[in-house]
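Here's the structure we're looking at; comments come further down.
Reminder, nothing fancy here: chain letters follow the sequence lines and each chain counts from 1.
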Number of protein chains: 2
Amino acid sequence: MNVDVQSERDTKLVELLLILFDQFREHAFACISAADLSIPHAAALLRLDSPLSQRELADCLKYDASNITSIVDTLARRGLLERQIDPTDRRVRRLIVTAEGRTVIAQLRQRVLEEATVVSELDEHERAQLQALLTKAVGRRTTSTWVELFRGWP
Amino acid sequence: MNVDVQSERDTKLVELLLILFDQFREHAFACISAADLSIPHAAALLRLDSPLSQRELADCLKYDASNITSIVDTLARRGLLERQIDPTDRRVRRLIVTAEGRTVIAQLRQRVLEEATVVSELDEHERAQLQALLTKAVGRRTTSTWVELFRGWP
DNA sequence: TATTGTTATACTCTATAACTATA
DNA sequence: TATAGTTATAGAGTATAACAATA
């Protein structure tokens, strides 16, 4: 096949992916903002399924540790988590999500991933085909959680 | 088909798209930064294929007009574009990309879109299949240029 | 009066550096 | 001495409001 046609097709593929991603992004932003969270706050909360120290959370999210303080302050003030001083090392704060926090996490997860409609135009067979192709395209690559894609976004 | 299995598969599809997008994002950021541009500067420059006024540029990029001043200042200082006062309305500055600016635009476009390797794991037949499926999934949706997806990113 | 662009200002997100309490 | 967390501060990106020049 002609090289130009090949590269033109690949360009088209990238553009198609970007359109789908753009749609997902708008959907995800709407969900986060409906939960009255910012992106950094949502990213932090969604990481806390299992308790972490502030330092561990910073490392997971690739934030400097100095930023975690105010993010955790806000989430704690909202009653979504609690700081507990680690009895075995009194420097460490373990972050424990409250019952209310767990509800917020569960709702956000469900809405963002399950109510995404990026492939609503496809029937069941086509979705299966698409999934097979994308699985092959992705190979061994992995990503962090969806919300962490959005770091630094408005 | 069981509803849970259906929704689990859709979740998987979203995750696959996000992994591919994440790879593209890293590639695009590397290209922008190799061109010694920030995302807002790249977004502005890439919009100026055909000359616009500052106001028109702000509207295209969905920026408040007050931000355009410093972005255009920087690009002009770099010699990538020129402000020309519109002779028919002396309030308006038309933004004209220089020859050097056109070179930067062309290189950036080519590198970002043509050197993207999001589907390098697929053979020719699979790419064609994928393109057909994505075209159907996208339907009538469109997006702005790729770089505008990245507004507000680091 | 309305519009283009500029300036001043403020807010969010993020990083660096200096500090404290604890180890 | 080294580490967890906090505070102060700075810089980038973006928005709002007031202003000057022009229409």
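- Per the geometry, CG belonging to B:Asn67 stands 13 Å off C1' belonging to C:dA8, to the nearest Å.
- Here CG of A:Leu20 is found 10.0 Å from CD of A:Glu121. Values are rounded to the nearest 0.5 Å.
- B:Ser38 comes within 4.0 angstrom of the backbone, heavy atoms only, and of no base.
- With a 4.5 Å cut-off on side-chain heavy atoms, B:Phe24 and A:Phe21 do not count as touching.
- An OP1 or OP2 oxygen of C:dT3 is reached within less than 4.0 angstrom by no side-chain nitrogen or oxygen of B:Arg93.
- B:Arg78 has no carboxylate O lying under 4.0 Å from a charged side-chain N of B:Glu100, or vice versa, which leaves the two without a salt bridge.
- Within 4.0 Å of B:Ser53, counting heavy atoms only, lie sugar-phosphate atoms of the nucleic acid but no base atom.
- Rounded to whole Å, atom P of D:dA4 lies 20 Å from atom OH of A:Tyr63.
- Taking the nucleotide of DNA chain C with the nearest heavy atom to each of A:Ala65 and A:Thr88, the more 5' of the two is matched to A:Ala65.
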Practice task
List the steps, then state whether side-chain hydrogen bond (donor to acceptor under 3.5 Å, both in side chains) holds for A:Gln54 with A:Arg94.
Solution key: CA-CA 7 Å; A:Gln54 296 193 186; A:Arg94 296 223 86 74; over 6 Å; no
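- Residue B:Arg55 has a polar side-chain atom (N or O) positioned under 4.0 Å from OP1 or OP2 of C:dT4.
- The side chain of A:Ser66 lies closest to D:dA8, out of D:dA8, D:dA4, C:dT6.
- Distance CD1 (B:Ile85) to C1' (C:dT3): 16 Å, rounded to an integer number of Å.
- Across all strands shown, B:Arg94 has no heavy atoms under 4.0 Å from either base or sugar-phosphate atoms.
- For the pair B:Asp89 CG and D:dA20 P, the computed distance is 19 Å after rounding to whole Å.
- Computed from coordinates, the A:Gln54 CD to C:dT22 C1' distance equals 15 Å when rounded to whole Å.
- Rounded to a whole Å, the CZ atom of A:Arg91 is 6 Å from the P atom of D:dA4.
- For A:Arg109 and A:Asp49, the salt-bridge test passes: some basic side-chain N is under 4.0 Å from an acidic carboxylate O.
- Axis angle, first five pairs versus last five pairs of the helix from C:dT1-D:dA23 to C:dA23-D:dT1: 20°, rounded to 10°.
- Note that CG of B:Leu13 and OG1 of A:Thr135 are 8.0 Å apart. Values are rounded to the nearest 0.5 Å.
- For C:dT22, the OP1/OP2 oxygens have a side-chain nitrogen or oxygen of A:Arg90 closer than 4.0 Å.
- Taking atom CG of residue A:Leu57 and atom C1' of nucleotide D:dT3, one finds them 17 Å apart after rounding to whole Å.
- Atom P of nucleotide D:dT3 and atom CG of A:Asp64 are separated by 15 Å, given to the nearest angstrom.
- Remark: side-chain polar atoms of A:His27 are paired, donor with acceptor, to backbone N or O of A:Arg111 under 3.5 angstrom.
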